[in-house]
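Order of listing sets the numbers, starting from 1, for every ligand and every atom in it.
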Amino acid sequence: MLIDTTDGGVAARGNLLGDVEPFTLPPSTMVIFGITGDLSRRKLLPAIYDLTARGLLPSTFSLLGFGRRHPSQVLAMIREAMVAGARTPFQESVWELIAHRFRYVCGAFDDRAAFEALRDELLQTDDSLQGSHNYAFYMSVSPDYFTQVCAQLKAVGLHSSRDGWRRVVVEKPFGNDLLTSRTIGAAVSSVFGDSSVYRVDHYLGKETVQNILAMRFVNGLFEPLWNHRYIDHVQITMAEDIGVTGRAGYYDGVGAARDVIQNHLLQLLALIAMEEPITLSADDLAAEKVKVLSATSPVEPLQETTARGQYAAAVRNGNYFPGLLDEDGFDTASTTETYAAMAVQISNRRWAGVPFYLRTGKRLTRRTTGITVVFRPAPHLHSRAEVEQPPHNTLVIRVQPDDGILLRIGAKVPGDGMRIQDVDLAMSYEASFRQPSPEAYERLILDVLRGDASLFPTQAEVEASWAIVDPVIEYWTSTGRPDVYASGSAGPASADAVLTRSGRAWRQL
Ligand code: BG6
């Protein structure tokens, strides 16, 4: 496993099967811009705590925050975020390790002096870290600031170095459509070089998502069946029970298709549908994902194959849930969709004629993310088999919660005759591995420090994904308001029609 320490990431993009041990991580500093923001407090800081607690971050790792909060408030906020969000039990000794090495620079993104202070602080930190000069800049801020922060880093000479690596980590949304994603991508890459840009899609950091590759390419069982001859259709669902309370600033005008389908769901589709990569290196994986995403497009006509909805107020189990338009910060005329569904097709030999149905929504019945692969029925059934209709064998990859895999098959009901009933063969991560899976951000942060880009989408993947959803969003923009669905329901009725037209049905949430 290569770790690039000389050229800012050009030589090594890593390998998913890399075997880097924590003690081989080079000395490094992660700078988090927006360290007191929502993402940092909910995900990044708890992940850094857990990595430290698990002994995966060496003593030569240090954390540096950049933000506008007064320095006197910051350490307490970080501690609070770690206490609240850590997965492993909170221990004062671990916190002291983190706090001891923590540095903070207070400033705004248009303040050159603050970036000069950042550079001086990094150089000082380097002295205590064996002169590492290895920096990962984490943009935990709105993409509106990416270009400005990159320009400031360049102006103070922090964007490149001959004696250490520079990596920049950016969070979605990577633009608002294909055009803007190109502009943002070009601006960031022009400063750091494309191979030093790590675009986070946190779904790729989830164990169950990585297991899709293992399931498909390590076993002999699935691959022969993995095509249009045996598969009828595929459903990819990400349902949430929470709403968008408190997120109006980001979510209004963005909506479910841009927030989830463009990235998380299309990455899942790519892993399910791509050809076997030559190796599991970042470049080989990306090459296959780009190929399959480039062959993917919405099924026409869009009025029949897509649906969108917005949650409305409802009372469930005695609790009142506001509608989107009642949420703080949302325009009362907002047409932002909180539910999106669409059928896409993959124009290649393997998948010709197999629809992939994607759906996501907020304030639905429950939180569940999973992939359902529905196989074609057996071509012939013995006349004595008592079934209303031939069973569709179904493979369900449960991403969360209750991570695991289910295979639904028809089985004989005990007793006389040959009555058939569907039963599940079930694998659960918890039962099989007896340890909780790490959080996605733990894996992703570690991979940035290792220089392993396998779990980060490339700019080409991002652009290919926008090319799939852009026409659907444009169509919706031209057709007025989204449908309405009650909070706590399974989504708008129009979403059912996307499947029932072809005699299919969504898997129940
Ligand atoms: C984020 C979306 O990327 O993923 C959120 O912006 C969503 O809207 C979140 O709630 C869900 O992540 P997870 O890991 O809880 O499924």
Exercise for the section: Decide whether an N or O pair under 3.5 Å exists between T369 and ligand 1. Expected result: no
Problem - Salt bridge R443-D447, side-chain N to carboxylate O under 4.0 Å - result: yes
Handout entry: Interfacing atoms of ligand 1 (cut-off 4.0 Å, heavy-atom, Q400)
Key = 13 (P), 16 (O)
Problem - N or O contact, K172 vs ligand 1, cut-off under 3.5 Å - result: yes
Completion exercise
When Y485, Y311, W476 are each screened for ring pair (Phe, Tyr, Trp, His ring centres under 6.0 Å) with Y339, the one that passes is Y485
Completion exercise
re atom 15 (O) of ligand 1, the protein heavy-atom contact at minimum distance is R367 NH2, 3.4 Å
Handout entry: Contact atoms of ligand 1, heavy-atom distance to K362 under 4.0 Å
Key = 5 (C), 7 (C), 8 (O), 10 (O)
Handout entry: Atoms of ligand 1 close to K206 [distance to a heavy atom under 4.0 angstrom, numbered from 1]
Key = 13 (P), 14 (O), 16 (O)
Problem - Pair Y49 and F90, ring centroids less than 6.0 Å apart - result: yes
Fill in the blank from the handout: Counting from 1 in the order shown, the ligand 1 atoms closer than 4.0 Å to a non-hydrogen atom of D259 are 2 (C), 5 (C), 6 (O), 8 (O)
Exercise for the section: Note the single closest protein heavy atom to atom 5 (C) of ligand 1, along with its residue, its atom name and the distance in Å. Expected result: R247 NH1, 3.3 Å
Handout entry: Whether V260 lies under 4.0 Å from ligand 1, heavy atom
Key = no
Completion exercise
Checking I212, L285, L269 against M274 for side chain to side chain contact (heavy atoms under 4.5 Å, CB included), the one that qualifies is L285
Problem - Contact check, Y203 vs ligand 1, heavy-atom distance below 4.0 Å - result: yes
Fill in the blank from the handout: Between I261 and the options I236, T360, I473, I468, the side chain to side chain contact (heavy atoms under 4.5 Å, CB included) test singles out T360
Handout entry: Test item: side-chain donor near acceptor, S454 and D452, under 3.5 Å
Key = yes
Handout entry: Test item: H159 and F137 side chains (from C-beta on) under 4.5 Å apart, heavy atoms
Key = no
Handout entry: Residue selection (non-hydrogen contact nearest atom 12 (O) of ligand 1) among E240, R258, H264, H202
Key = H202
Handout entry: Short N-O contact, R359 and D496, less than 4.0 angstrom
Key = no
